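Remarks on the structure that follows.
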Amino acid sequence: MGSPGRALRRSFYAGDVLEIAPRLLNKVLVRGQVAARIVEVEAYRGEEDPASHAFRGPTPRNATMFGGPGRLYVYFTYGMHWCANVVCAPAGSAEAVLLRAAAPLRGVDAMRARRPKSRRDVDLANGPAKLCEAFAITGMDDGADLVTGDRGIRILDDGIPPPTAPGVSGRVGIRVAERVPWRFFVPGDHHVSRGPHLQVHW
DNA sequence: CTTTGGATCGTCT
DNA sequence: GACGATCCAAAGG
């Protein structure tokens, strides 16, 4: 067992989303007894990014994206799935990092209970909606503060650094700006979701 | 192994 | 009224 680690501070989230996204790799998402290492993320860049939920300005749904760094933006999609983002940059910027995949560290039994369809441990959180299901993240957690842990959700640094050379590719599942290389992952990690695992050069 | 289609509903046009 | 920052089971090679 590794050390529990300490929570990232507000300042960690306050900068540019394209710098913060790769730095979130190998950090640890924790809720109660459940913990998993973040191995895949995507950056969404507010009102400048056609693929961002904030592209057309503030709405009731995306309010958390505009509210300032260090909170969780949770949205519902495809009529059945929740996905979670970490809000970055100063309030009003609406930049966010989608948490796409994580490697289970602790609380595997709880994750399996929430995701009985997972046949193997590698399937517990290797996708944005699977990750939310494994952590029981729903719309009730939209706006959760990851710094204070007001809803029990935190992101910790346990001393494992981000990859020196993260994998980079286009983002998954979008139909606009798909060539923008804003997906980052831990190279070679088996818990990365489907999609291009190979490093892409642009 | 890869491909395909169904499920299912909040959100914004 | 159309469309998802998806997942899964089933069918096909």
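Letters go in sequence order (proteins before strands), and every chain restarts at 1. Treat the numbers as computed from the prediction; the structure is a model and nothing was measured.
The shortest distance between the side-chain N/O atoms of K117(A) and the OP1/OP2 oxygens of dA9(C) is not below 4.0 Å. Contact check, T77(A) against dT6(C): no side-chain N or O comes under 4.0 Å of OP1 or OP2. Residue R100(A) places at least one side-chain N or O under 4.0 Å from the OP1 or OP2 atom of dT6(C).
Distance, F55(A) CZ to dT13(B) P: 12 Å, rounded to whole Å. In this entry the distance linking CZ of R175(A) with P of dT6(C) reads 13 Å, nearest Å. As a whole-Å value, the separation of R56(A) CZ from dA2(C) P is 18 Å. Here the C1' atom of nucleotide dA7(B) and the CH2 atom of W82(A) are 17 Å apart, to the nearest Å. One can place CE of M140(A) at 16 Å from P of dG10(B), the figure rounded to the nearest angstrom. Rounded to an integer number of Å, the gap from NE2 of H53(A) to P of dG4(C) is 10 Å. The distance from atom CE of M80(A) to atom P of dC3(C) is 17 Å, rounded to the nearest whole Å. Between H81(A) atom NE2 and dA7(B) atom P the separation is 13 Å, expressed in whole Å.
Within 4.0 Å (heavy atoms only), Y78(A) reaches at least one base atom of the nucleic acid. Among the heavy atoms of the strands, none lies under 4.0 Å from R171(A). R115(A) comes within 4.0 angstrom of sugar-phosphate atoms only, judged by non-hydrogen atoms across all strands, and of no base. Residue-level contact check: A51(A) touches the bases, meaning some heavy atom is under 4.0 Å from a base atom.
Judged purely by atom type and a 3.5 angstrom limit, E178(A) has no side-chain atom pairing as donor or acceptor with the backbone of R171(A). R31(A) places a side-chain N or O within 3.5 Å of a backbone atom of F135(A) that can act as its donor or acceptor partner. A donor-acceptor contact shorter than 3.5 Å links the side chain of R71(A) to the backbone of G143(A).
Nucleotide dA5(C) forms no Watson-Crick or G-U wobble pair with any nucleotide shown, as no partner meets the under 3.5 Å limit on both distances. Pairing for dT8(B) is absent, with no Watson-Crick or G-U wobble pair whose two atom distances lie under 3.5 Å.
The aromatic rings of F76(A) and W82(A) are tilted relative to each other, their planes meeting at an angle between 30° and 60°.
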Point to revise | Verdict with reasoning, S169(A) to R183(A), per side-chain hydrogen bond (donor to acceptor under 3.5 Å, both in side chains) | key: CA-CA 5 Å; S169(A) 82; R183(A) 172 174 178 252; 3.0 Å; yes

